[in-house]
Amino acid sequence: MNAGNILFTGVGGQGILLASELTALALLAAGFDAKKSEVHGMAQRGGSVTAQLRFGKQVYAPLIAIGTVDVQVAFEMMEAARYLPYLRPGCAVVVNTQKILPPSVATGQASYPENILETLRERGISVVSLDAFAAAKEVGEIKTANVVMVGALSSLLPVDAAVFEERIALRVPPRFKEVNIEAFRRGRALSA
Amino acid sequence: MTHITEDKLWLSGNEAIALGAYEAGITVASGYPGTPSTEILETLSTYEGVYCEWAPNEKVGLEVAIGASLAGARAMATMKHVGVNVAADPLFTASYIGVRGGLVLITADDPEMHSSQNEQDNRNYALAAKVPMIEPSDPAEAKLMMIEAVRLSEELDTPVMLRITSRVAHVKGVVAGMWRQQPPPTPALEKNPAKMVMLPAMARKRRQAVEERMIAAKALADETILNRIERGEEKRGFITGGVSYLYVKEAFPNAPVLKIGLTWPLPDKLIREFAAMVDEIVVVEELDPFIERHVKSLGIACRGQDIIPNRGELNTDILVNALTPERAERGFAALDLPPRPPNMCPGCPHRGVFHNLKRLKVFVSGDIGCYTLGALPPLSSMDASVCMGASVTVAHGMMKALGAGAHDKVVSVIGDSTFCHSGITGLVNTVYNNSAATLVILDNRITAMTGHQENPASGRTLKGEAAHQLDIEGLCRAVGVKHVFVINPHDIDASYETLKEAIALTEPSVVIAKAPCALLPAMRKRRIVPYSTRQKNCVGCMSCVRLGCPAISWTPFAAGEAERRGYKAKQKGLSKIDETMCNDCGQCAAVCKFQAISHREETK
């Protein structure tokens, strides 16, 4: 993989920005050019959120085109299916199986869609599912669920685990270094 | 700031602009927070030797920058696109006065309205105010063009606008840096009334200077490094600028391109030269046909918004579809999923106010902030929202139209920061021209929507230093409001009674709903005892669910489940609180009439 498009999806407040940032820093350290697009403001108040990360020799556009996502990292189950038109046939999707109910479901106006993972697999997408929240609990800090997801993603990218760990160590506050690296390793093991 | 190597940085467009401002020797910066501009000042404030402040609004911010420039410092003001409307008054006359130290106005436009109420194209301001405008395509250019904007401002004796869009501001990329070009100039006063006092006689002379300056700028446009022709192998060429340039490069990497970095004035000679090189020109730009109109005005045929939309953001797909549909990726069909719109957070103090306003069945004239989300279901409790500060004035206008009998029919709501921004003058008008409108000030102690910026009522400066804290209650009384109430919006029943009393009055009234934003660090650090549902007491009335708190969800019963579990046969389901999300505000417990919600310890 000399170039690629990574789509991070989830719900505002799940730590998607940090996860996409750690991934970008690892890719940059490995010598790639990169661009990352984020949405701030209104969209962060519990709404559907994405971060788009593109890497390669030279990256022009900050946005990923339809049908060209190589890897999607979905922090919430339903969000894994929301951006389906952007996924490349045969791409990989790493899914956190956590469910966060959108307002229409929480108020009983709609129901949470079933069989999300099957829907993706039926289309020839390779799905890696994990419970990042449970894994984060196990390492002792529920706030590291996003780093668990980075770990799961890392095994699909052309960057050594050591490079990721080095970037994580530099980026997170020192007292959370150990637990974040442990979360990363846990996620990487879960997707292997 | 993140270093990739010693001399390479990984920065957002906004962080790159801050770095460029520092390197260019800007020492005074002011502005008002607004997506997608906010991080520029936040980042710049971390550099040594640069004074940065949050102004109460954009007009103030630009005027502060003008003052600093007239004192000889390099200065800038930052704001979102609609902020420039507020700052347009000083902008148009600063154009006549020119500068002493370089003066840059950053406009951060929001095509697609990710976090805005309109998607106006602020390139039109450069044309209308007769000032040069520069537009970068990515963070690397944003830094360089910020430096060039300062240089150009001093060379041409003019304010310069630097326009970015959301996909430049909030895109991260690799930026070369950092070194300061030269020490900033030393400010000193200098009187020059002929240039700085815009009395009609003096302004007429300066009007002439503006014309001469724009002629000089026009000549420079054909030479500047900001514009360039990139030769290519194809017969179809593109004229483009800003982020659109990157979509052109992505979709048509081998096509000739005239890349415009100086958006105003446009380079006529360069455009003609480019036209002679290609068989066909396509202008690619977001929003208005600003470049396209100009190219056509030169008598040069081009395509543009006949095939490319004049609204929303562009992307690679739109260009490929417009020009080479046979290459277009179709992608998988989208699924029909429940939407996930943004929502007020668990424990948000605004929720209780909107719940009560809904009960009071009033028309709610709203404003700009997190609380605009009160318009969405299930609260559905905002009925109009125009622009910053308009809640108060729109309500007053409605009252005057409807007549005295409507004194209890319209309520306006505004946040603390928005009240300081432009609500105060509206309140002065309400009192002066006497209408009975009730204004609710949602005082959550911070500018929340844009990510917690300080404001005159928060008691802290941009750098977090202690500052005088505006007394909102005292201010309301000082402008002549006789009836000022302060409520705790989490106390649903007491708030309801106070709101009801205020609304019934036939004189102007203000209700200050005072409770800190649930996301403020102090609120997050406090001990939170989550609420939970005592399920045997829940009758499925949905009162709590209708608050729309993200921590509360509804679980419907399957057929026969109600009776099987010992509930009345007609009960349709149960409400449940996610204790990991609960922020301990107690609004749900207050609306529950069946003692089914209480603190964890009391639940068992």
Side-chain angles (χ1 to χ4, degrees), chain A residues 11-13 20-21 24-25 28-29 33-49 53 59-68 76 78-79 81-89 100-113 116 119 123 125 142 170-171, chain B residues 2 4 10 12 35-36 38-39 114-116 138 166-168 170-174 243 246-247 249-251 253 313 315-317 320 328-335 337-345 370 372-373 376-378 449-451 542 545-546 548 550 552-554 556 572-573 580:
Chain A
V11 179
S20 62
E21 190 68 3
L25 294 174
L28 290 162
D33 183 28
K35 277 207 176 94
K36 178 159 78 99
S37 200
E38 305 165 349
V39 171
H40 298 201
M42 185 70 96
Q44 285 178 297
R45 295 284 171 274
S48 176
V49 171
L53 175 58
V59 177
Y60 285 116
L63 297 178
I64 299 174
I66 283 175
T68 65
E76 198 274 350
M78 183 187 353
E79 296 308 306
R82 191 176 300 281
Y83 302 92
L84 200 52
Y86 286 88
L87 307 190
R88 189 194 296 282
I100 299 175
L101 307 184
S104 60
V105 175
T107 56
Q109 312 292 306
S111 50
Y112 194 96
I116 291 281
T119 306
R123 285 159 178 75
I125 292 163
I142 53 167
L170 285 171
R171 182 63 172 72
Chain B
T2 309
I4 304 165
W10 171 249
S12 71
T35 313
T38 313
E39 301 83 4
H114 294 288
S115 201
S116 304
D138 62 16
S166 297
R167 299 300 182 181
V168 176
H170 291 160
V171 163
K172 285 199 159 184
V174 179
V243 72
L246 297 172
Y247 303 133
K249 293 299 281 185
E250 190 78 30
E313 283 183 333
N315 57 43
T316 310
D317 297 311
V320 171
E329 283 280 348
R330 294 280 167 261
F332 296 111
L335 299 181
L337 298 172
R340 193 187 294 278
N343 190 1
M344 286 184 271
C345 308
C370 291
T372 319
L373 295 169
L376 300 180
M449 179 92 262
T450 42
M542 295 185 100
V545 172
R546 278 193 287 265
I552 304 176
S553 62
W554 174 252
K572 293 202 170 69
T580 64

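Values below: all heavy atoms of this structure, side chains included; hydrogens, waters and symmetry mates excluded. The sequence lines fix the lettering, A, B, ..., with proteins before strands; numbering per chain opens at 1. Computed from a predicted structure; not experimentally measured.
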Counting only N and O atoms by type, is there a donor-acceptor contact under 3.5 Å from the side chain of [X] to the main-chain atoms of [Y]?
{"X": "A/Thr68", "Y": "A/Ile64", "value": "no"}
{"X": "A/Asp33", "Y": "A/Val59", "value": "yes"}
{"X": "A/Arg82", "Y": "A/Met78", "value": "no"}
{"X": "B/Arg340", "Y": "A/Ile100", "value": "yes"}

Among B/Tyr247, B/Trp554, B/Phe332, which residue forms the greatest number of heavy-atom pairs with chain A at distances under 4.5 Å?
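Between B/Tyr247, B/Trp554, B/Phe332, the count favours B/Phe332.
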If you count heavy-atom pairs under 4.5 Å with chain A, which of B/Asp138, B/Asn315, B/Leu376 comes out on top?
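That would be B/Asp138.
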If you draw a 6.0 Å radius around CZ in A/Arg171, do more than 12 non-hydrogen atoms from other residues or ligands fall strictly inside?
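No, CZ of A/Arg171 has 12 or fewer neighbouring heavy atoms, counting only those of other groups under 6.0 Å.
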Please flag which part of A/Ser104 lies under 4.5 Å from any non-hydrogen atom of chain B: side chain, backbone, both or neither.
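It is the side chain, since no backbone atom gets that close.
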Please state whether the side chain, the backbone, both or neither of A/Ser111 comes within less than 4.5 Å of a heavy atom of chain B.
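Only the backbone of A/Ser111 comes within 4.5 Å of chain B.
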Engaged part of [X] at the chain A interface, taking heavy atoms whose separation is under 4.5 Å:
{"X": "B/Arg546", "value": "neither"}
{"X": "B/Pro338", "value": "both"}
{"X": "B/Ala334", "value": "both"}
{"X": "B/Ile552", "value": "backbone"}
{"X": "B/Pro378", "value": "side chain"}
{"X": "B/Val168", "value": "neither"}

Most heavy-atom pairs under 4.5 angstrom with chain B, which of A/Pro89, A/Pro62, A/Gly67, A/Ala110?
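Of the options given, most contacts go to A/Pro62.
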Going by an N to O cut-off under 4.0 Å, is there a salt bridge joining B/Lys172 and A/Glu21?
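A/Glu21 and B/Lys172: salt-bridged.
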Distance, nearest 0.5 Å, that separates CG of B/Leu337 from OH of A/Tyr112:
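Interatomic distance, B/Leu337 CG to A/Tyr112 OH, rounded to 0.5 Å: 9.0 Å.
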Take B/Thr316 and A/Tyr60 through the test side chain to side chain donor-acceptor pair (under 3.5 Å) and record every step on the way to the result.
CA-CA 10 Å; B/Thr316 310; A/Tyr60 285 116; over 6 Å; no
